[in-house]
There are 2 protein chains.
Amino acid sequence: MIIIKIMGASKTEHFTDQQNAIAILAKALGHPARVAIMDYLLEADACICGDIVNELPLAQPTVSQHLKELKNAGLIKGNIEGNAICYCIDEKALDQMQNYFAHISTRLSQKKNNCC
Amino acid sequence: MIIIKIMGASKTEHFTDQQNAIAILAKALGHPARVAIMDYLLEADACICGDIVNELPLAQPTVSQHLKELKNAGLIKGNIEGNAICYCIDEKALDQMQNYFAHISTRLSQKKNNCC
DNA sequence: TTATCATATTGCAATATTACGATAAATAAT
DNA sequence: ATTATTTATCGTAATATTGCAATATGATAA
């Protein structure tokens, strides 16, 4: 038997689909620029990529990369709007996160054996 | 004026405290092993570090490191319990996340100009 | 067609994360 | 005191992330 150690990569195959799904969503929100993009999409009247670039203190390629990560995680979706691209929050992913934290909250209030 | 480019580091100073706070918590949950730790602490009757090590498919130093990250983010807290250490979920951080997602959900249902 | 505008991709440098063996530190048991 | 048990830290290797200049792509305008 040969064991090859691959370091720096998470062993996703050892965890449940649910755990991996939450981790992917959480990771996508694990950068302030991406939280700021969500905030913008939530509050602004538009969702044009160029507006987001102007709003953030980051260069256009960097913002494009962050948008791509949010999109890959399923947190936002993009629509071609003429020349521009309109990004919007994908409610399904957010519902998933909301349900996850609601479940934790409920479960915590049931538990009485917390030792800390 | 001298501008020093520091790459690979996020420019946290350009974002709001709230955005940074959410990002820190989300980042800590952005790995399936750490989600699995939270799941364990939520469902198990104990919260001993050794039990967590046995539960996870990772070596003890790796689990210790993940626990440290969860603790640094404020998601868990640890108590010395004789020879062992008992880790528990910190409700404050989870409330923060729950509020964040609840706020997004509420705001989304108010919005009608979603273009996607 | 050519120029312009908006966004994506490439390439690369710097830093961060992940993982684990070896070892340390701290307490408990003998 | 010595040994075992439990958890943390160190050192290090591999991979991932972050950021941006340069460039490519694609759609609209002239």
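Bear in mind the structure is a predicted one, so any value in this text is a computation, not a measurement.
B:L67 comes within contact range of no nucleotide atom at all, as no heavy-atom separation falls under 4.0 Å.
Side-chain N/O atoms of A:Q60 and base N/O atoms of C:dA6 include no donor-acceptor pair closer than 3.5 Å.
The B:H31 side chain lies nearest to C:dA19 when the options are C:dC20, D:dT18, C:dA19. When distances run from any side-chain atom of A:A59 to the nucleotides D:dC20, D:dT18, C:dG21, the shortest one goes to D:dC20. For A:E69, the side-chain atoms get nearest to D:dT18 when compared with the rest of D:dC20, D:dT7, D:dT18. Checked against D:dC20, C:dA8, C:dT18, the side chain of A:L58 finds its nearest nucleotide in D:dC20.
Pairing of B:C47 with B:C86 by a disulfide is supported, the SG atoms lying closer than 2.5 Å.
Taking 4.0 angstrom as the limit, A:T62 places none of its side-chain polar atoms (N or O) nearer than this to OP1 or OP2 of D:dT18. Of the side-chain N and O atoms in B:K27, one or more sit less than 4.0 angstrom from OP1 or OP2 of C:dT17. A sub-4.0 Å separation between OP1 or OP2 of C:dT17 and a side-chain N or O of B:H66 is absent. Put simply, B:Y87 has no side-chain N or O that comes within less than 4.0 Å of OP1 or OP2 on D:dT6. Checking the phosphate oxygens (OP1, OP2) of C:dT9, a side-chain nitrogen or oxygen of A:K68 falls inside 4.0 Å.
Atom-to-atom, NE2 of A:H14 to C1' of C:dA19 comes out at 12 Å; the value is rounded to the nearest Å. We find that CG of B:L56 is positioned 13 Å from P of D:dT7, with the value rounded to whole Å. What separates CD1 of A:I85 from C1' of C:dC5 is a distance of 13 Å, to the nearest Å.
Hydrophobic clustering, with ILVMFWY side chains joined whenever heavy atoms are under 4.5 angstrom apart, keeps B:I48 apart from B:V53.
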In residues 61-69 of chain A, what donor-acceptor pairs under 3.5 Å come from side-chain atoms, sequence neighbours left out?
unit_1, atom_1, unit_2, atom_2, d
A:H66, ND1, A:R34, NH1, 2.9
A:E69, OE1, A:R34, NH1, 2.9

Practice item. If a protein heavy atom is under 4.0 Å from the base, mark B; if only from the sugar-phosphate, S; if neither, -; do that for nucleotides 25-30 of chain D going 5' to 3'. Key: -BSS--
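Mapping B:Q65 and B:G50 onto DNA chain D by nearest heavy atom places B:G50 at the nucleotide closer to the 5' end.
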